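Just so you know, these numbers come straight off a predicted model, no measurement behind them.
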Amino acid sequence: MTAPEKPSLEGLEDKWASAWDAAGTYTFDRTKTREQVYAIDTPPPTVSGSLHVGHVFSYTHTDAIARFQRMRGREVFYPMGWDDNGVPTERRVQNFYGVRCDPSLPYDTEFTPPEKPAKQEIPISRQNFVELCDRLVVEDEQKFEELWRTLGLSVDWSMTYTTIGDRARRASQRAFLRMLARGEAYQSEAPTLWDVDFRMAVSQAELEDREVPSAYHAVRFAGTDGDDDIVIETTRPELIPACVALVAHPDDERYSPRFDTFVTTPLFGVRVPVLPHRLADPEKGSGIAMICTFGDTTDVVWWRELRLPTRTVLGRDGRLLPQPPDWGDTAPDAEARYAELAGKTAKQAQARIVELLDESGDLVGAAKPITHPVKFYERGDRPLEIVSSRQWYIRNGGRDPELRTAFLERGRELQWHPAHMRSRYESWVEGLNSDWLISRQRYFGVPFPLWYPLDADGEVDYAHPLAPDEARLPVDPTSDTPEGFTEDQRGKAGGFVADPDVMDTWATSSLTPEIAAGWEDDPDLFARVFPMDLRPQAFEIIRTWLFSTIVRAHFEFDALPWTDAAISGWVLDPDRKKMSKSKGNVVTPMEPIRQFGADAMRYWAASGRPGVDTAVDEGQMKVGRRLAIKILNASKFALGVIGDTDSSDGPAGFGKGSDAITEPLDRSMLASLAALVAHATTSFETYDYARALDATERFFWGFCDDYLELVKGRAYDGSDSARAALATALDTLLRLFAPHMPFVTEEVWSWWRGDGSVHRAPWPVVDELAAFASDDLAVYPAAAAVLGAVRKAKSEAKRSMRTDVTHVVVHATTELRRALEPALDDVRNGGRVVGDVEFEDGAELAVDVTLAAPEEAPEG
RNA sequence: GGGCGAUUGGCUCAGUUGGUUAGAGCGCUGCCUUCACACGGCAGAGGUCAUGGGUUCGAGUCCCGUAUCGCCCACCA
């Protein structure tokens with residue numbers, strides 16, 4: 001097969017995607033041992049969303065690394081996962097089918113969703129819900145897979161997994177049960193950050209701070225036994241009924257005389273103590289704070305350390321409870337006043353209580369507006385509250401300095417790319433203040449594989465959870481029955497109940513290496529790929545996905561889950577704003593891929609440095625397209641010059657190896673190519689795909705502009721040296737470009753290298769070019785410089801590049817002249833120098849060029 | 001409050017242990033339709049490398065400070 005007359009990029013994506021699929025080019029060979037394998041823990045995209053250019057960006061980086069490793073001879077384990085375990089999928093299934101997950105319902109084998117979703121959502125069992133999810137996800141997966149194939153990801157598509165599928169649920173439940181058995185997972189009844197809209201506990205990793213407007217209200221607490229009143233400032237006056245104490249710093253002389261005396265709360269007249277604690281900040285407000293159960297996380301610390309009572313007023317729905325807490329002695333009308341607040345949201349209650357305080361004269365001065373950071377669930381719309389509830393936790397060092405040190409140590413063991421991303425991990429681990437809360441009060445997800453016995457009175461015995469045998473996993477405790485019980489004992493005294501919660505999605509996705517590798521399900525595969533080599537991911541989920549994956553592997557295998565983590569930057573819209581759905585500035589990738597070509601899209605992505613935020617830039621895509629076209633045309637040209645061959649050696653001279661390459665210019669170019677190979681290889685080895693591409697591209701443009709021009713005359717004339725050098729260079733350059741531009745390189749490869757794929761060809765090594773490595777590097781750039789000077793002269797004279805040159809004087813150092821002379825004929829050829837070339841001494845290169853007189857334009 | 005990163009021509013960015021005259025691409029200007037490429041080629045103009053000090057024979061690069069921007073973390077009354 002030879003190059004077509006008019007090579008083109010159109011259709012290469014479809015052509016080669018199917019060809020690779022048919023040939024199994026990227027199929028994982030599971031006969032290889034762990035040492036021969038390069039395993040990648042790919043981020044499973046959320047299937048219910050849509051892919052945008054941000055995905056294209058980071059997945060392209062990973063694919064370039066995968067292709068490099070494959071060409072280096074590693075067998076690349078590169079499976080794709082689909083993340084369908086989580087709120088986005090739950091919502092999508094709900095809306096798409098008009099159903100709602102209700103775990104209390106039995107599994108209905110006959111259930112089929114209505115053609116059109118009904119107005120009223122149909123409640124279905126968790127198993128039915130998961131099945132609908134599987135069904136819907138298949139459609140999403142196909143769209144995603146099509147995009148990934150069009151982009152040229154070298155994934156083995158036979159090895160996909162989902163995060164809600166059987167394997168994932170089994171792995172997730174198994175890992176949990178083992179942690180429970182080892183004491184790494186535990187349950188606790190404790191104050192927990194709570195989202196009142198999702199009605200769900202939220203972990204530290206899902207928090208974000210938002211600056212919100214608020215106001216300080218100065219409120220008077222009455223002294224008792226003749227003491228003065230004390231004025232506190234609070235942003236949450238609605239929690240006065242939940243007040244259990246006032247607190248000031250132990251050294252604060254304004255308040256130290258009052259420690260261990262009592263004041264009474266305004267409106268309700270509840271007696272609360274004044275107490276010292278080191279966390280009270282004399283600089284804030286009036287220097288003395290009210291402690292409520294619970295206004296913020298500091299309240300929890302005070303409440304715990306000062307052993308204060310609990311007076312809960314906020315319910316899990318974010319409204320004030322119907323009844324006041326246990327207050328002891330109160331003002332006579334305390335209950336009546338509370339009744340005015342009961343049932344109101346925190347915000348409504350605040351407005352009303354401020355009015356009440358104003359009426360009672362307990363409000364001092366006007367409210368002082370401020371803005372301050374408040375904790376939100378990252379997907380939530382209202383500030384988090386703190387409620388007390390029973391939850392499951394996994395130890396993560398948040399309460400154990402020794403364990404925390406172990407995880408910091410793991411972070412240092414891991415190779416980070418770029419290296420400074422480690423500091424994000426460390427600041428997160430160092431800032432942990434609680435264990436990892438993994439239970440979620442939701443219905444869709446991986447359920448806790450646990451039941452609890454009911455005692456003779458029907459009370460739940462949480463202290464003695466019933467766990468299934470591992471062989472039964474995955475189980476759904478709401479429909480499966482614990483060993484030793486029968487289904488009719490569910491909910492009965494002496495029987496059992498299911499744990500009602502599901503696990504945090506991160507509790508499952510923290511096991512992606514184990515799930516993808518077939519942990520326990522496929523021990524043979526697992527032994528060949530785990531622990532893995534690479535975790536590629538975005539920096540904003542270092543504290544969640546990356547950290548939690550390390551936690552799980554540390555406990556289960558006493559190992560890192562991978563040796564390297566490559567952290568990608570953000571993709572910004574063309575105006576350098578972060579892309580997000582809510583801003584509506586998301587760029588969908590299919591359109592630009594069609595417009596510019598997959599290789600061009602990949603070029604844009606690969607030009608984004610590791611870990612650096614990068615703007616969507618059509619300009620870069622155009623440049624990538626131009627490069628792809630240049631590769632086609634230059635290759636076609638080079639192959640044409642080399643000439644066809646009927647020998648099995650391939651193109652003329654190629655099979656003769658380095659022996660045929662004798663001309664100093666050819667050898668110099670190949671010496672320079674050897675340096676490029678070394679540079680690109682080092683760059684890839686350190687995960688710097690961008691530097692590898694940059695260097696290769698730079699070389700390639702010089703190769704086209706200068707080398708091809710210099711040697712084409714000689715090559716046409718039949719120089720074996722030139723032809724073999726061209727073939728060697730082309731062969732090497734195609735392989736260097738292959739990880740970045742898989743389509744166009746494969747296309748050219750197919751013109752002259754038979755049936756094999758460039759993507760299974762060996763990555764170039766300096767040894768291939770060893771014969772030239774010690775040759776004079778200076779010849780090639782010297783020749784290129786003089787050729788460039790000739791071109792410049794023609795350009796400045798506004799003459800065609802075809803113009804003959806009648807005389808050239810080169811001013812150069814002896815050294816440069818020595819480098820130049822062996823290539824002089826090539827320079828004359830390339831520059832169309834028909835006259836003499838003279839040399840003069842000169843410190844710097846200068847070239848005087850005399851052009852042939854222009855032909856007289858024929859009189860018109 | 002602590003930390004990380006960034007700051008280089010109009011725009012987007014390279015610049016790897018300090019070493020001639022700081023590089024690309026886009027955009028702009030001019031020219032060339034040449035037997036690979038007009039989805040092109042060749043060439044040109046354009047930079048006090050944020051800022052103030054310091055180290056050095058020599059600093060875009062190393063050290064200290066400052067400013068601006070972005071991000072991460074933090075017990076945020």
Side-chain angles (χ1 to χ4, degrees), chain A residues 3 5-10 209 211-212 214 216 232-236 239 246-247 278-281 284-292 295-302 370 372-375 418 420-433 539-540 542-543 569-570 572 574 576 578 596-597 600 607-609 611-615 617-620 622-641 679 682-683 686 688 690-691 694-695 697-698 701 704-705 708-709 712 716 788 791-803 832 844:
Chain A
E5 198 55 39
K6 270 264 172 198
S8 150
L9 296 179
E10 312 316 317
D209 286 353
E211 282 288 332
V212 296
S214 180
Y216 277 126
I232 61 106
E233 292 192 15
T234 179
T235 56
R236 303 212 54 187
L239 292 180
L246 299 190
V247 66
R278 63 183 198 290
L279 287 182
D281 183 352
K284 275 189 186 142
S286 56
I288 186 164
M290 80 172 174
I291 304 174
C292 306
D296 62 29
T297 51
T298 317
D299 279 345
V300 178
V301 175
W302 283 327
I370 56 159
H372 67 162
V374 174
K375 288 187 193 311
H420 71 255
M421 289 296 179
R422 171 183 291 131
S423 64
R424 310 215 167 195
Y425 175 89
E426 293 194 341
S427 66
W428 171 250
V429 176
E430 282 163 1
L432 285 169
N433 54 30
F539 63 79
E540 81 273 16
I542 288 174
R543 67 178 187 174
W570 272 109
L572 311 171
R576 301 203 61 73
K578 182 178 150 185
F596 300 106
S607 60
R609 253 62 197 176
V612 175
D613 293 351
T614 303
D617 185 354
E618 284 205 354
Q620 279 298 98
K622 283 182 192 161
V623 173
R625 181 177 176 82
R626 206 175 52 166
L627 174 61
I629 292 169
K630 192 79 172 178
I631 290 173
L632 285 179
N633 286 312
S635 301
K636 181 193 122 184
F637 177 57
L639 291 172
V641 168
H679 182 77
T682 309
S683 299
T686 54
D688 198 341
R691 189 186 295 278
D694 183 68
E697 183 192 10
R698 204 177 291 275
W701 281 106
C704 293
D705 291 349
L708 286 181
E709 295 300 327
K712 67 181 176 189
Y716 272 131
R791 273 199 304 254
K792 181 174 175 174
K794 291 178 183 178
S795 193
E796 281 173 352
K798 304 193 174 182
R799 301 286 299 277
S800 160
M801 288 299 135
R802 221 164 38 160
T803 307
R832 289 181 175 258
E844 293 189 359

Flag side-chain contact, heavy atom, 4.5 Å: A:F596 against A:L9: no

For a 4.5 angstrom cut-off between non-hydrogen side-chain atoms, does A:T235 reach A:Y216? yes

By the 4.0 Å heavy-atom rule, please label [X] as base, sugar-phosphate, or nothing.
| X | value |
| --- | --- |
| A:D299 | nothing |
| A:C704 | base |
| A:E5 | nothing |
| A:G285 | nothing |
| A:E844 | base |
| A:K792 | sugar-phosphate |
| A:R278 | nothing |
| A:A690 | nothing |
| A:V301 | nothing |

Short side-chain N/O contact to [N] OP1/OP2 from [X], under 4.0 Å:
| X | N | result |
| --- | --- | --- |
| A:R802 | B:U34 | yes |
| A:N433 | B:A74 | no |
| A:K6 | B:G40 | no |

Mind calculating the distance between [atom1] ([X]) and [atom2] ([N]) to the nearest angstrom?
| X | N | atom1 | atom2 | value |
| --- | --- | --- | --- | --- |
| A:R609 | B:U12 | CZ | C1' | 12 Å |
| A:D281 | B:A77 | CG | P | 10 Å |
| A:E426 | B:G3 | CD | C1' | 11 Å |
| A:L246 | B:A77 | CG | P | 16 Å |
| A:Y425 | B:C4 | OH | P | 18 Å |
| A:L239 | B:A77 | CG | P | 12 Å |
| A:H372 | B:G1 | NE2 | P | 18 Å |
| A:L572 | B:A6 | CG | P | 16 Å |

Using the [atom1] atoms only, state how far [M] lies from [N], rounded to an integer number of Å.
| N | M | atom1 | value |
| --- | --- | --- | --- |
| B:G52 | B:U48 | P | 13 Å |
| B:A36 | B:U68 | C1' | 49 Å |
| B:C49 | B:A59 | C1' | 11 Å |
| B:C13 | B:G53 | P | 29 Å |
| B:G15 | B:U7 | C1' | 15 Å |
| B:A67 | B:A74 | C1' | 25 Å |
| B:U55 | B:U61 | C1' | 14 Å |
| B:U20 | B:U16 | P | 11 Å |

Of the nucleotides [options], which one has an atom closest to the side chain of [X]?
| X | options | value |
| --- | --- | --- |
| A:M801 | B:A43, B:G25, B:U34 | B:U34 |
| A:V612 | B:A77, B:G40, B:A14 | B:A14 |
| A:Y716 | B:A77, B:C35, B:G25 | B:C35 |
| A:T234 | B:A43, B:A77, B:G5 | B:A77 |
| A:K284 | B:G23, B:A36, B:A77 | B:A77 |
| A:D617 | B:G44, B:U12, B:C37 | B:U12 |
| A:R626 | B:U21, B:G25, B:A43 | B:G25 |
| A:R698 | B:G44, B:A36, B:G23 | B:G23 |
| A:R424 | B:C73, B:A36, B:G70 | B:G70 |
| A:R543 | B:A77, B:C75, B:C73 | B:C73 |

Could you let me know what [N] is paired to, Watson-Crick or G-U wobble, both distances under 3.5 Å, or none if it's on its own?
| N | result |
| --- | --- |
| B:C57 | B:G19 |
| B:C26 | B:G10 |
| B:A45 | none |
| B:A50 | B:U66 |
| B:G40 | B:C32 |
| B:C71 | B:G3 |

Can you name the atoms? Protein N/O to nucleotides 28-31 of chain B N/O, anything below 3.5 Å, with the distance.
| residue | atom | partner | partner atom | Å |
| --- | --- | --- | --- | --- |
| B:G30 | O2' | A:K798 | NZ | 3.3 |
| B:G30 | N2 | A:S795 | OG | 3.0 |

Can you check whether any acceptor in the base of B:C39 is under 3.5 Å from a donor in the side chain of A:R625, or vice versa? yes

Is there a donor-acceptor pair under 3.5 Å between the side chain of A:K794 and the backbone N or O of A:T803? yes

For A:R625 and A:A600, indicate whether the former's side chain and the latter's backbone hold a donor-acceptor pair under 3.5 Å. no

Specify the closest pair of heavy atoms between [X] and [Y], including all atoms of both residues, with the distance to one decimal.
| X | Y | answer |
| --- | --- | --- |
| A:A634 | A:C704 | CB-SG, 3.7 Å |
| A:M290 | A:L239 | CE-C, 4.2 Å |
| A:K636 | A:E5 | NZ-O, 2.8 Å |
| A:D613 | A:W570 | OD1-N, 2.8 Å |

To the nearest 0.5 Å, what is the distance between [atom1] ([X]) and [atom2] ([Y])?
| X | Y | atom1 | atom2 | answer |
| --- | --- | --- | --- | --- |
| A:L708 | A:N633 | CG | CG | 11.5 Å |
| A:E211 | A:I370 | CD | CD1 | 9.0 Å |
| A:H420 | A:F539 | NE2 | CZ | 9.0 Å |

Inspect the contact between A:E430 and A:R543 and indicate whether a charged nitrogen and a carboxylate oxygen are less than 4.0 angstrom apart. no

Take A:I370 and A:G788, find for each the nucleotide of RNA chain B with the closest heavy atom, and name the residue whose nucleotide sits nearer the 5' end. A:G788

Could you say whether A:A289 or A:E430 is positioned toward the 5' end of RNA chain B, judged by the nucleotide with the nearest heavy atom to each? A:E430

